[in-house]
Amino acid sequence: MRRHSSRTRIRRGAALAFEACEARCLMAADTGHMAVGMNLENVVDWSPAWTFTDAFKASRPWISHAFNTQTWGTTWDAATAPTLDLDANGNVRSLQTWMQNGVPMKQFAGTLMFNSLGGGYAGGTYRAEWDGTGVVTFGFDAVVTASGRTAAGRNYADLRVTPTDSGIYMRIEETSPADPVRNFNVWMPDWNGRSFVGERWQPGAAFSPFHPLFLERLAPFTTLRFMGMQETNTSDIVTWSQRRDAADIRQGSGPEGTPSEPVANGISVEYMVALANELDADPWFNMPHMADDTFVRNFATYVRDHLEPGRTAYVEWANEVWNFGWGFEASAWVAEQARAQRLDPDYGQWIVTGREAKRDFDIWSQVFVGQTDRVVRVAAGQAANPWIVEQIVANMGGAYDAIALAPYITFTDEQRAGYTAATTVDRILADARTNVATSLQWTRDHADLAARLTTQLGRPIRLVAYEGGPHLDGRGAAYQSAFYAATNDPRMGEIYRDYLKGLDAAGLDLYVDFQFTGQAGAAPWGDFAKLHRMDEPLAAAGNYNAVVAAANGSLWGVTPPPPPPPPPPPTLADVSIASAAIIEGHSGGKWLTFVASLSATPTTTVTVSWTTANGTAKAGSDYVRGSGTLTFATGQTEATLRVRVKGDRAREADETFRVVLSTPVNARLSATAAIATGTIVNDDGRLRSALFAALAGPTTTTKQRRR
């Protein structure tokens with residue numbers, strides 16, 4: 001159990017004043033109707049979303065294994081297994097050994113990808129690469145077909161993956177504390193002729209870290225709400241140092257992480273902003289409920305400086321502070337603050353929520369001073385009871401721009417009481433259609449409140465839906481399977497369309513559906529996914545198609561624009577390296593310099609790995625083996641590397657070795673000049689070559705020297 005009281009933030013004074021602020025606006029839908037966005041699922045290994053081209057980014061936090069050296073049995077997260085020793089980026093630094101009942105035990109570190117999806121993920125050849133010294137194995141759906149080291153010195157394994165419910169299993173069995181295995185990538189199979197191998201994304205890279213199909217199916221939506229991806233409901237973040245950042249080896253944590261990685265800190269702001277920019281969508285961020293002022297300020301500053309012009313950032317404090325269900329930790333935290341401050345039990349929850357939201361929103365306004373039209377501050381409440389958001393905003397001093405609700409299609413207790421294992425899908429769908437009217441009335445009630453607040457503040461207060469859609473939660477009852485079948489019945493798609501039309505007519509400015517992807521199968525909490533597989537045939541995806549129709553305007557009778565052509569591959573500069581030669585010399589050695597070049601001036605940092613390879617010259621006796629990374633800063637088109645050449649007095653032919661370029665980032669290898677030849681020119685007696693003469697310059701006769 002988390003001790004929230006130990007993370008209480010320092011309070012400021014309670015006095016509130018209505019702000020005088022710059023005019024703000026929401027991005028209007030091009031159709032003249034409500035804009036339509038989408039909530040994104042948590043980044044977890046059991047999600048069917050192909051979020052990243054590098055599947056490891058969505059892998060499970062490290063699981064500590066106890067390996068019995070006598071029985072060869074392995075126990076996952078055994079009580080006797082120590083937690084794993086990890087660095088700041090999530091790499092395993094070392095593995096431990098210990099005695100248990102007289103038996104030597106070894107620690108392994110395991111992780112999973114695409115687990116528990118019934119095989120609903122991409123099959124084919126995956127490419128795993130990593131740095132360091134140790135033993136890494138793969139299993140479950142993955143079979144190693146080739147392994148070794150790349151020219152750049154990275155370990156690799158080619159994996160033949162045949163999808164089942166098990167997914168891909170990866171395990172570290174040994175690692176060198178001096179050179180631990182680290183920096184894992186597991187690139188997904190080629191897609192439409194594009195290979196992702198070698199694409200190690202960092203902010204500013206010329207390529208996308210997101211899978212093309214993920215982007216394609218998310219493209220219709222104008223707003224992306226990252227509440228799930230941020231692990232908002234279970235977030236442990238207090239300080240900026242606890243955040244997930246772009247350098248971390250994975251970008252998800254799951255609701256509770258694992259015993260070795262228990263901190264839930266979600267996806268990094270760098271990836272969220274990159275996704276919004278790539279899709280020309282407005283991001284919706286949720287501030288962690290325990291985050292301190294420095295975290296909020298740094299987060300807002302990054303968004304201000306990196307979100308592309310024309311994009312609007314929605315910001316919300318926590319999520320559903322009225323919800324005391326399992327996993328909604330902000331509600332309990334707020335209640336604890338209210339008790340500690342001895343606030344009125346009927347109003348304390350909303351007083352604290354309003355103050356905390358205002359505190360964070362004021363920081364966003366300070367960061368965006370002079371451009372606050374780029375930010376929409378959202379105060380969210382409960383759909384069935386507009387009184388809640390009214391109480392919250394009463395404690396915000398006007399520091400908000402929109403109020404929000406989640407007008408789900410829900411079922412009454414009376415309806416549920418009449419359902420049994422024999423209840424038909426027809427009856428459930430009929431009740432769902434009837435219940436749409438309740439969702440629309442909730443929306444109209446909030447629209448009336450928004451109108452009153454607009455009058456009170458003298459500026460527009462908009463109405464948005466932070467979530468919505470069918471909410472058929474079986475709660476483990478006998479009718480749970482019927483609820484799931486009804487959710488995915490083609491007729492639900494028609495109900496969905498009528499529901500969306502009604503929300504638009506009721507006054508919503510923005511509807512953000514819940515949610516994009518999710519596991520298939522009946523579950524107590526219901527099925528909210530618009531897609532159960534990333535590559536699901538869309539002809540049968542009725543609910544997804546309904547939301548897309550609202551997004552592209554066809555639901556309102558507007559002719560949707562043709563789908564955009566796939567973006568052309570980024571134009572990358574070619575990186576090449578020129579051959580070089582040096583006169584051998586007799587002793588002490590010399591440095592042979594090679595020049596690598598880019599065919600175009602780079603607009604971001606370019607790196608490329610290099611290593612030497614033997615020819616007629618041998619490493620150790622003729623030259624010193626070398627490897628490393630060349631870096632081209634923005635605007636720099638040349639970089640040099642040096643290889644040490646050893647001299648001798650042997651009469652021999654000229655000798656050669658190679659310098660091989662590999663693994664470029666933000667560039668591509670030249671098709672003809674990615675390998676250079678280094679020539680060691682003999683300078684001993686009769687075997688001197690013509691190349692020696694060229695390097696030595698014109699000869700001088702004895703007679704000429706005497707003049």
Side-chain angles (χ1 to χ4, degrees), residues 21 23-39 221-225 227 282-286 312-322 350 353-354 357-358 361 372-373 375-396 398-410 436-469 471 498-514 547 550-551 555-556:
C21 67
R24 300 168 184 255
C25 66
L26 291 136
M27 298 297 292
D30 293 339
T31 61
H33 294 262
M34 69 182 184
V36 177
M38 183 61 70
N39 275 270
F221 307 110
T222 63
T223 301
L224 305 176
R225 186 169 181 254
M227 183 275 296
D282 296 333
W284 181 320
F285 306 112
N286 294 68
T312 299
Y314 293 80
V315 59
E316 176 187 0
W317 184 77
N319 176 62
E320 294 193 354
V321 295
W322 51 267
W350 323 126
T353 298
K358 180 182 188 304
F361 292 173
T372 51
D373 58 331
V375 178
V376 175
R377 303 162 298 175
V378 181
Q382 186 184 43
N385 189 358
W387 178 85
I388 289 178
V389 73
E390 187 172 12
Q391 300 310 306
I392 291 172
V393 299
N395 291 279
M396 293 182 66
Y400 60 95
D401 309 298
I403 61 171
L405 75 160
Y408 281 108
I409 303 171
T410 61
V436 167
T438 301
S439 305
L440 302 185
Q441 186 57 55
W442 292 340
T443 306
R444 287 189 288 269
D445 292 343
H446 280 78
D448 291 342
L449 174 59
R452 295 198 304 273
L453 294 172
T454 294
T455 300
Q456 178 183 346
L457 296 177
R459 56 184 173 83
I461 297 299
R462 304 301 179 89
L463 180 63
V464 299
Y466 66 87
E467 293 173 16
H471 196 314
D498 291 341
Y499 162 78
L500 292 167
K501 290 177 181 177
L503 292 176
D504 176 59
L508 270 186
D509 293 292
L510 168 66
Y511 168 80
V512 186
D513 192 84
F514 191 86
V547 185
L555 187 64
W556 328 116

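As a basis for the values below, the full set of heavy atoms in this structure was taken, side chains included, without hydrogen atoms, waters or symmetry mates. Start at 1 with the first residue, then count along the sequence.
- Take Ala550 and apply the side chain to side chain contact (heavy atoms under 4.5 Å, CB included) test, not counting sequence neighbours, and it matches Val36, Leu500, Leu555, Trp556.
- Summarising the geometry of Tyr499 relative to Ser439, their closest heavy-atom pair is CE1-CB, 3.9 Å, with the distance given to 0.1 Å.
- A pairwise comparison of heavy atoms in Ala379 and Val393 identifies CB-CG1, 3.6 Å as the closest pair.
- Atom NE2 of His33 is separated from atom CG of Asp504 by 5.5 Å, given to the nearest 0.5 angstrom.
- Ring orientation note: the planes of Tyr314 and Trp284 are close to parallel, at an angle under 30° on the 30°/60° scale.
- Residues Leu453 and Tyr400 form a side-chain contact, since some pair of their non-hydrogen atoms from C-beta on lies under 4.5 Å apart.
- Between the CG atom of Asp498 and the CG atom of Leu503 there is a distance of 11.0 Å, given to the nearest 0.5 Å.
- In this structure, the side chains of Val512 and Tyr466 stay at 4.5 Å or more apart for every pair of heavy atoms.
- Contact record, Ala447 with Ala506: CB-O, 3.6 Å, taken as the closest heavy-atom pair.
- A heavy-atom distance below 4.5 Å is found between the side chains of Asn319 and Glu467.
- Between Arg459 atom CZ and Thr454 atom OG1 the span is 9.0 Å, to the nearest 0.5 Å.
- Counting heavy atoms from C-beta outward, Leu405 and Leu463 have side chains that approach closer than 4.5 Å.
- A 4.5 Å side-chain heavy-atom check between Trp350 and Trp387 finds at least one atom pair inside the cut-off.
- Within the 4.5 Å cutoff, no side-chain heavy atoms of Val375 are placed close to those of Phe361.
- Across Leu440 and Gly502, no two heavy atoms sit closer than the pair CD2-C, 3.4 Å.
- Looking only at atom types and distance, the side chain of Gln391 has no donor-acceptor partner in the side chain of Asn395 under 3.5 Å away.
- Listed by chain and number, the residues in a salt bridge (Lys or Arg N to Asp or Glu O under 4.0 Å) with Asp448 amount to none (sequence neighbours excluded).
- At least one donor-acceptor pair closer than 3.5 Å links the side chain of Trp322 to the backbone N or O of Gly381.
- Screening Val464, Asn286, Val376 for a side chain to side chain contact (heavy atoms under 4.5 Å, CB included) with Glu316, the sole residue that qualifies is Asn286.
- Using a 4.5 Å cut-off on side-chain heavy atoms (C-beta onward), Met227 and Phe514 make contact.
- Considering NE2 of His471 and OG1 of Thr410, their distance stands at 7.5 Å, rounded to 0.5 Å.
- Between Thr223 and Leu510 there is a side-chain heavy-atom pair separated by less than 4.5 Å.
- Between Ala551 and Phe221, the shortest heavy-atom distance links the atoms CB-CD2, 4.0 Å.
- Closest of all the heavy-atom pairs between Arg444 and Ala437 is NH2-O, 4.3 Å.
- Distance check, rounded to the nearest 0.5 Å: CG of Leu224 to CG of Asp282 gives 8.5 Å.
- Between atom OG1 of residue Thr222 and atom CE of residue Met34 there is a gap of 10.5 Å, rounded to the nearest 0.5 Å.
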